[in-house]
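Start at 1 and go down the list; that is how both ligands and their atoms are numbered. Values reported hereafter were calculated over all heavy atoms of this structure, with side chains retained and with hydrogens, waters and symmetry mates removed.
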Amino acid sequence: MKSFDVPIIYRSPLISAVKKKRKEMDKLKKDFTPTLLDFGPVQIFLSRHFGFCYGVENAIEIAFRTVNENPGKRIFLLSEMIHNPQVNADLQAHGAIFLQDTNGKQLVSFDELTADDIVIIPAFGTTLAIEKKLKQVGIQTEKYNTTCPFVEKVWNRSESIAQKKYSIVIHGKPTHEETRATFSHAAHNAPCVVVKDLQEARELAGYITGEKQASQFYTEFEGQYSAGFDVSKDLQRIGVVNQTTMLASDTQSIADFLKQVMLQHYQLSESTIEERFADTRDTLCYATNDNQTAVSGMLETEADLAIVIGGYKSSNTSHLVELCEERLPTYFISSEEKILSAKDILHYNFHTKEEILTADYLPAKDPVKILITSGASCPDALVEGVINKLVSYFPVTTNTAQLIEQFI
Ligand code: SF4
């Protein structure tokens, strides 16, 4: 896979050495066991896959290059570049300005833009309406468009489903930038509706079978269906795509469930199901698949706790947390600064959307075994920072430099 020119401050000598070694030893990516960093009284088990993905590295490279190559120009980021506060803050420090916040709230009016400005489209992509607005101002978006090819793949998939006259059900978070962008592109080609989870898919099924009153749909799914959506006919043929970073098992459950509803309601069989349900595999990206599978592999290891590092708004990171917390105490942190001491840790509860303080997160035993992973928008340098902070609380027998030697 292509390698990118990402600022060195985001890299970590330790993590780079580990990743390089694992890649050399497992070129076909079949081994999902974690990497053991054995510091003696504390053992760190690093997930096989984690950290910056293709789309994020591509976006970071383009964004920093644009900032460096265009001194004196006004450079706007359509919204948060990626869901990592450090990367976004670094870009702002280089003079980049956000046009919208992550919920689509306008921070700088589009009216203030001129044809001379540069606007960078983030890795999540953007809506057709925003693309049009920028073109109307005379801003060339092509050169500074960092939309991830794996997001574009979802748009292409929905277009091909639409061509076969299926409506599109998008499994995603309705307010997430990527889902809003995918919704906009999908709605251009076919009726579409967003479901955020299996419960919403169940509610949607009530309209497919006619158990629920059609008129109720428009309030229940307000803001989640395309203009002109006719619930009495637009749910008769459907296909499912998803936000690239959803939990694989959730998307599978939703697709299986809706397929089953169509099978029963229309009395179809496996050979005739295509009349009503498009045969789509999930549209999760490779990084989501790799990172989630690697977490499952990591969870095979007996451990005392898990630490997941990433931005609190990061969808893919929250799903890694979800997987870990089913099995063991899990702490979702944005950087090593959240580890306050050997006793206290500040961590994010993404269910309640609040940061909480937990005491005695490190058990009094020897060795303490800690699982670690990070989201696709988290710099490896932050992971190394977390490891160093944890290790500093133990009388270790090996230091980071010695460990790097083992992986070179
Ligand atoms: S998580 Fe996947 S879709 Fe999103 S930017 Fe990364 S590679 Fe692209």
> With a 4.0 Å heavy-atom cut-off (strictly under), which part of Thr245 contacts ligand 1: side chain, backbone, both or neither?
Replying inline: side chain

> Between Arg11 (side chain) and Asp380 (backbone), is there a donor-acceptor pair under 3.5 Å?
Replying inline: no

> What is the minimum heavy-atom distance between Leu382 and Glu336, and which atoms define it?
Replying inline: O-OE1, 4.5 Å

>> Ala181: which residues meet the side chain to side chain contact (heavy atoms under 4.5 Å, CB included) condition with it, sequence neighbours left out?
In response: Trp155

> Does the gap between the ring centers of Phe4 and Phe52 come in under 6.0 Å?
Replying inline: no

>> I want to check a possible cation-pi pair here: Lys338 against Phe332, using under 6.0 Å from ring centre and within 45° of the ring axis as the test.
In response: no

> So, Tyr54 versus Tyr286, ring centres under 6.0 angstrom or not?
Replying inline: no

> Mind counting the protein N, O or S atoms sitting less than 2.8 Å from atom 8 (Fe) of ligand 1?
Replying inline: 1

